[in-house]
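Keep in mind that this is a model prediction, so the values were computed, not measured. Keep in mind that the numbers below use all heavy atoms, side chains included, and drop hydrogens, waters and symmetry copies. First listed ligand is number 1; within each ligand, the first listed atom is number 1.
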Amino acid sequence: MKLQDRVAVVTGAASGMGKAIAKLYAQEGAKVVVADLNVEGAKTVVNEIESQGGTATAVKVNVAELKDIENMIDTAVKEYGTLDILVNNAGIMDSMEPVGEITDEKWDLLFDINTKGVMRATRKALPIFLEKQRGVIINTASTGGLNGAHAGVAYTASKHAVIGITKNTGFMYAQKGIRCNAIAPGGVETNIGSTMKNINEFGVSRTKLAQSVMPRGGKPEDIAQVALFLASDDASFVNGAVIIADAGWTAAF
Ligand code: NAD
């Protein structure tokens, strides 16, 4: 068991990668706060974890809302006494809009969820980690956080910013027992496509070029294995890093 008795919060844990991470962490002995906007989905994941002998609790969170984020971290402390691992995974796609066609509202929505939520949850968790002089933060970025051809401008910028938060946080608290790393998944088979409405045809036609060299899509469980490594003591010397998990897709560029 790599995470015996650790307490983990995983956002966006009702579906896709977050769900796979929550389930794998529980299998490895962690007590998991399954946090999601979709609270019914989160409860289903908790039931699955409990039926396999694990420990988990569901909490409704909109990561764009400060009070929800605070309640999420407080729930971990209230239920399990502390927090050891924060996985900032919740995120949405844009609709492939290039800068000429993005609205302020869409830009703000993407940044509130994908970027500001990461900063706020990390800020809320830090006093707990600083007091213990131990803590792990894992951010789900994207290959779109490293490259310009995988999404629209808002998603691309929001995920580049997540990588900036990751590196800065990893460096700032490196001597405080806190590690902060990001995962940059390539294409993974999840429900994220459902967040894409009114797809921008021009944006799609441009990103298709990069899509054409993708070797294959991944499974959420492929990413969960990376998140397990980063959460565990096996990664004790890994900090401020971005682990690309994309079957070699972006090795092409
Ligand atoms: P998913 O849609 O299957 O799961 C995302 C979960 O986040 C859902 O359960 C959803 O309800 C939740 N969520 C959405 N908005 C929320 C909010 N405001 N507050 C709380 N929860 C919210 O998608 P996924 O692919 O598993 O996405 C997980 C992360 O991976 C995202 O950050 C995404 O940007 C990133 N990512 C996905 C891919 C991919 O190909 N699927 C590639 C790279 C990065």
Path from Val32 to Leu228 over hydrophobic side-chain contacts below 4.5 Å: yes
For Ile113, which part has a heavy atom under 4.0 Å from ligand 1: side chain, backbone, both, or neither? side chain
Of the protein's non-hydrogen atoms, which lies at the shortest distance from atom 9 (O) of ligand 1, and what is that distance? Asp36 OD2, 2.7 Å
Just need the protein heavy atom nearest to atom 40 (O) of ligand 1, so name the residue and atom and give the distance. Val188 N, 2.8 Å
Do we see a donor-acceptor contact under 3.5 Å between the side chains of Asn200 and Glu101? yes
Between Lys124 and Asp74, does a side-chain contact (heavy atoms from CB on, under 4.5 Å) hold up when you go through it step by step? CA-CA 9 Å; Lys124 172 72 180 169; Asp74 289 342; 3.0 Å; yes
Exceeds 12 heavy-atom contacts within 6.0 angstrom, atom CZ of Phe171: no
Among protein heavy atoms, which lies nearest atom 19 (N) of ligand 1, and at what distance? Val63 N, 3.0 Å
Gly187 heavy atom under 4.0 Å from ligand 1: yes
Contact check, Thr11 vs ligand 1, heavy-atom distance below 4.0 Å: no
Ranked by distance from atom 3 (O) of ligand 1, the top protein heavy atom is Ser15 OG, 2.6 Å
Polar contacts were defined as any N/O atom of the residue lying under 3.5 Å from an N/O atom of the ligand; does this apply to Ala64 and ligand 1? no
Starting from atom 38 (C) of ligand 1, locate the nearest protein heavy atom and write down its residue, its atom name and how far away it is, to 0.1 Å. Met17 CE, 3.4 Å
Does the side chain of Asp246 come under 3.5 Å of the side chain of Thr250 through a donor N or O and an acceptor N or O? yes
Gly186: heavy atom below 4.0 Å from ligand 1, yes or no? yes
Please confirm whether Ala141 approaches ligand 1 to less than 4.0 Å, judged on its heavy atoms. yes
Going by atom types only, do Asp68 and Asn62 share a side-chain donor-acceptor pair under 3.5 Å? no
Checking heavy atoms under 4.0 Å, the part of Lys159 that sits near ligand 1 is side chain
What atoms of ligand 1 come closer than 4.0 angstrom to any heavy atom of Gly12? 6 (C), 7 (O), 12 (C)
Mark yes or no for whether Asp94, through its side chain, and Ala151, through its backbone, hold a donor-acceptor pair below 3.5 Å. no
Considering heavy atoms of the protein only, find what lies nearest to atom 43 (C) of ligand 1 and give residue, atom and distance to 0.1 Å. Pro185 O, 3.3 Å
Testing the 3.5 Å rule here: is there a donor-acceptor pair between the side chains of Thr11 and Asn89? no
Out of Ala151, Gly91, Gly18, whose heavy atom sits nearest atom 5 (C) of ligand 1? Gly91
When you look at Asp84 and Thr82, which way does the side-chain contact (heavy atoms from CB on, under 4.5 Å) test go after all the steps? CA-CA 7 Å; Asp84 300 291; Thr82 190; 3.9 Å; yes
For atom 34 (O) of ligand 1, the protein heavy atom that lies nearest, with its residue and separation: Tyr155 OH, 2.7 Å
Do me a favour and list the nearest non-hydrogen protein atom to atom 33 (C) of ligand 1 with residue, atom name and distance? Ile192 CD1, 3.4 Å
Stepwise side-chain contact (heavy atoms from CB on, under 4.5 Å) test for Ser142 and Tyr155: CA-CA 9 Å; Ser142 168; Tyr155 185 86; 3.6 Å; yes
Within-cut-off N or O pair, Asn89 and ligand 1, under 3.5 Å: yes
Indicate whether any N or O donor in one side chain lies under 3.5 Å from an N or O acceptor in the other, for Lys106 and Ser95. yes
Checking the N or O distance criterion of under 3.5 Å, is ligand 1 in contact with Asn62? yes
For Thr166 and Ala241 the tightest heavy-atom approach is CG2-O, 4.1 Å
Just jot down the ligand 1 atoms closer than 4.0 angstrom to any heavy atom of Gly16, in number order. 3 (O), 26 (O)
